[in-house]
Amino acid sequence: MAGLVGILAGASAQAAPLCDDLGFAGLLASCNRGEPIALTLASGQPLFAGEQPVELQSGAYYEIEITADGSAELALSGADFFRSIWINEIVVNDIEIRPMAVDSLEFDDEGTARMSFVAIRPGTFALSIPGSQGETQRVEFAIR
């Protein structure tokens, strides 16, 4: 039993936030922020240029910047991913939206949306362009 407790204690230590003293801002503290993630919605172009899956730490704060070039009307969907995070806000044209839930984001024209969130539920989840088949038209996230 003591061995199992030790293993569980070690596993929970790895899932701790990025900093020890979150202070007044709590999970939104600057020391608890992961690297920003850039996604591009463009006809025939890869959605994400980096290595996959994108590793996220449960309890850490992240920002995804989604830029559409306007070459096609494209959406980004991933209900499982959106249900595994707590969305702080989505910013479009300096308008801050604080949603209870999101299923997808659609861009009818060129523009940028920035979504800030805290990763919550461990697992592997994807965001993808609906109706697309290619591996470059999706990005996988692994919340640890």
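All figures in this text were calculated on a predicted structure; none of them were measured in a lab.
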Between Leu56 and Ile37, is there a side-chain heavy-atom distance shorter than 4.5 Å? yes
Considering residues at least two apart in sequence or located in another chain, which fulfil the side-chain hydrogen bond (donor to acceptor under 3.5 Å, both in side chains) criterion with Arg83? none
Separation between OG of Ser58 and CD1 of Ile85, rounded to the nearest 0.5 Å: 12.0 Å
Restricting to salt bridge (Lys or Arg N to Asp or Glu O under 4.0 Å), what partner residues turn up for Arg114, sequence neighbours left out? Glu63
What is the distance from atom CG of Leu47 to atom CG of Leu41, rounded to the nearest 0.5 Å? 6.0 Å
Could I get the full list of side-chain hydrogen bond (donor to acceptor under 3.5 Å, both in side chains) partners for Ser104, not counting sequence neighbours? none
Donor-acceptor side-chain pairing of Ser84 and Arg121 below 3.5 angstrom: yes
Could you give the side-chain donor-acceptor pairs of residues 73-80 under 3.5 Å, partners two or more places apart or in another chain?
none

Going by side chain to side chain contact (heavy atoms under 4.5 Å, CB included), name the residues that satisfy it together with Gln52, two or more places apart in sequence or in a different chain. Phe48, Val139, Glu140
Not counting sequence neighbours, which residues clear side-chain hydrogen bond (donor to acceptor under 3.5 Å, both in side chains) with Glu65? List them please. none
Is there any salt bridge (Lys or Arg N to Asp or Glu O under 4.0 Å) pair reaching into residues 84-99, and which pairs are they, with sequence neighbours excluded? Glu89-Arg98, Glu96-Arg98
Please identify each residue that fulfils side chain to side chain contact (heavy atoms under 4.5 Å, CB included) with Ser132, with sequence neighbours left out. Ile129, Gln137
Interatomic distance, CD1@Ile64 vs CE@Met115, rounded to 0.5 Å, equals 4.0 Å
Kindly say whether Ser71 contributes a backbone atom to a donor-acceptor pair with the side chain of Asp69 at under 3.5 angstrom? yes
List the residues meeting ring-ring contact (aromatic ring centres under 6.0 Å, His included) with Phe117, not counting sequence neighbours, and say none if there are none. Tyr62, Phe81
From CA spacing to verdict: side-chain contact (heavy atoms from CB on, under 4.5 Å), Thr124, Phe141: CA-CA 6 Å; Thr124 303; Phe141 295 92; over 6 Å; no
At their closest point, which heavy atom of Ile97 faces which heavy atom of Pro99, and how far apart are they? O-CD, 3.1 Å
Salt bridge (Lys or Arg N to Asp or Glu O under 4.0 Å) filter on Glu55, not counting sequence neighbours, yields Arg144
Considering residues at least two apart in sequence or located in another chain, which fulfil the side chain to side chain contact (heavy atoms under 4.5 Å, CB included) criterion with Ile120? Trp86, Val118
Residue pairs passing the side chain to side chain donor-acceptor pair (under 3.5 Å) test where at least one lies in residues 34-45, sequence neighbours excluded: none
Rounded at 0.5 Å granularity, tell me how far CG in Leu39 sits from CD1 in Ile66. 5.5 Å
